[in-house]
Structure formats: structure tokens, C-alpha cells
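Just below is one structure, and these are the notes that go with it.
Keep in mind that the numbers below use all heavy atoms, side chains included, and drop hydrogens, waters and symmetry copies.
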Amino acid sequence: MQPYAHIKKTSVLTWFIVLTNVLCAQTNNDRDGDSLIACLNKARVDSLRVDVLNKLFLHYEYSDVQKSKKYLQQAMALADQSGYTNGKAEAYTNLGYSLEDAGNNREALKNYYHALKLYQKSGNRKGQANCYNNIGFSYASFHDNAKAIKYMRLSLKMKKALKDHAGVASAYNNLGLVYAQLGNYPEALKN
């Protein structure tokens, strides 16, 4: 055996994984279902497959509910099987979106909390910030404005810390909507 043969094999595998990730990331940007499916078929890493399955759910969420549910179920199963915590958290978030779309906001809220716990476990602060926003939005739909404001402020604080400017703007907008729902228009305009 050559002295560095294992390094060459590892390097080839590493480059293959990196190249697949780059190609799929570029493909995912166009949000085309066929391109995402092609990426899914090329992906050899479970975490990448879960990420693509979650994107396929989002792609088909409104145009083909059956297809979107199939991809979401596959994402959940594979994330669970592979131990990919962030992918599983994203799948629970997507399940929350699906339940909201069906008008089942209470079940959606449960899934957002489950996703939040998973993001906390993995240390994914951006995922946590998005969950806080989703939880706040759910409470706003129940007219529990105190909890809505509490969670939206948590989201805002975390998004500021992450320097997520688009997320900060979204959090301010959502807070403004809750204050408008309360009839507190000066605070709504401030946000």
C-alpha cells in the first residue's frame, strides 16, 4: 500500500462532498422543483438530502400539498435516522407551516416549540430566532398579544445579536402588526 493512499481517498471523498454541496446550493437558489430533485438524487450525504427534502417541501407547499407532505415525511424520517438535529428542527418548523396553512394553529405552535428545543440543543441561534418569531406569530393568531410580543422581542434581540438585518426588519414589522392588532398605533408605527 502506498504511504499516503488513505489521504488520497479521503481527499477525493471530501472534494466530492464539497462539490456536491456547492452544486446543490447553486441549484437550490433557483427553487426549481426539477433542479431540487436532481440535487436530491446526486446527494450522498444524509444531511444534504434532508436539507433538499425540506426545500422541496417549501417549493411544493402551496402548489402540490400531497407532494409537499411526502417530502416533509421523508425529511423527518431521514433526519431522525441520521441524527441530523438541525434538519429535524427545520422539518418540524415546516410541519408547523403546513399545519398553519390548514388552520390548525395550536398544533403548529407545538411543532414550533419542538423545533425550538432542537435548535437549542444544537446551538443554532438563527434557527432559535426564527422559532421565536413563529411562536410569537402563532400567539398573535390566538390574540394572546402579551405572549406574541414576548416571543417576537426574543426573536428581535437574537436577530440583532446575529446581525441579521433582514430578520431584524421582519421582527420589527411583526411587532408592529401585533401592536396594530391591539390598537396601539403609536407603538405600531414606532416598530
In this structure, OH of Tyr112 is separated from CG of Leu95 (nearest 0.5 Å) by 9.0 Å
A side-chain contact here means heavy atoms from C-beta on lying under 4.5 Å apart; do Glu90 and Asn94 qualify? yes
Please list, chain by chain and in numerical order, all residues satisfying ring-ring contact (aromatic ring centres under 6.0 Å, His included) with Tyr139, sequence neighbours excluded. Tyr151
Test side-chain contact (heavy atoms from CB on, under 4.5 Å) applied to Gln74 and Val52, Leu53, Val50, the passing residue: Leu53
Does Leu72 belong to the same Ile/Leu/Val/Met/Phe/Trp/Tyr cluster as Tyr119, with side-chain heavy atoms less than 4.5 Å apart forming each link? no
Is it the case that one hydrophobic cluster holds both Leu118 and Tyr97, taking links as side-chain heavy atoms less than 4.5 Å apart, direct or via other members? yes
I'd like to know whether CZ of Phe137 has more than 12 heavy-atom contacts from other residues, nucleotides or ligands below 6.0 angstrom. no
Using every non-hydrogen atom in the two residues, find where Ala140 and Val178 come nearest and quote the distance to one decimal. CB-CG2, 3.9 Å
In terms of heavy-atom contacts, Tyr84 and Ser47 come closest through CE2-O, 3.4 Å
Side chain to side chain contact (heavy atoms under 4.5 Å, CB included) involving Ser141 - partner list, sequence neighbours excluded: Asn105
Could you grab the distance from atom NZ of Lys157 to atom NZ of Lys160, nearest 0.5 Å is fine? 10.5 Å
Quick check: is Ile149 connected to Leu154 through a chain of hydrophobic side chains (ILVMFWY, heavy atoms under 4.5 Å apart)? no
What about Tyr113 and Tyr92, same hydrophobic cluster or not, with Ile/Leu/Val/Met/Phe/Trp/Tyr joined at side-chain heavy-atom distances under 4.5 Å? yes
If you group Ile, Leu, Val, Met, Phe, Trp and Tyr by side-chain heavy-atom gaps below 4.5 Å, do Tyr60 and Leu36 land in one group? yes
Determine the minimum heavy-atom distance between Ala43 and Leu48, stating which atoms define it. CB-CD2, 3.8 Å
Quick test of your reading: applying salt bridge (charged side-chain N to carboxylate O under 4.0 Å, His left out), list the pairs with at least one residue in residues 100-123, sequence neighbours left out, ordered by first then second residue. Glu107-Lys110
Output the distance between atom CE (Met76) and atom CD (Gln81), rounded to the nearest 0.5 Å. 15.0 Å
Criterion side chain to side chain contact (heavy atoms under 4.5 Å, CB included) on Asn130 and Asn133, from CA distance to verdict: CA-CA 5 Å; Asn130 290 334; Asn133 182 68; 5.6 Å; no
Donor-acceptor pair, distance only, cut-off 3.5 Å: does the side chain of Ser68 make one with the backbone of Val65? yes
Main-chain N/O of Ile37 paired with Asn41 side-chain donor or acceptor, under 3.5 Å: yes
Please report the shortest heavy-atom distance between Asn191 and Gly176, naming the atom on each side. CB-N, 3.7 Å
Please report the interatomic distance CG(Leu162) to NZ(Lys126), rounded to the nearest 0.5 Å. 8.5 Å
Only one of Thr93, Asn54, Asp80 passes side chain to side chain donor-acceptor pair (under 3.5 Å) with Lys88, and that residue is Asp80
Nearest 0.5 Å please: distance from the CG atom of Leu116 over to the CG atom of Leu109. 10.5 Å
Atom pair CD (Glu61) and NZ (Lys69), whose distance is rounded to the nearest 0.5 Å: 11.0 Å
What pair of heavy atoms forms the shortest contact from Gly136 to Ala148, and how long is it? O-CB, 3.3 Å
Exercise: identify the closest heavy-atom pair between Ser155 and Ala129: OG-O, 2.9 Å
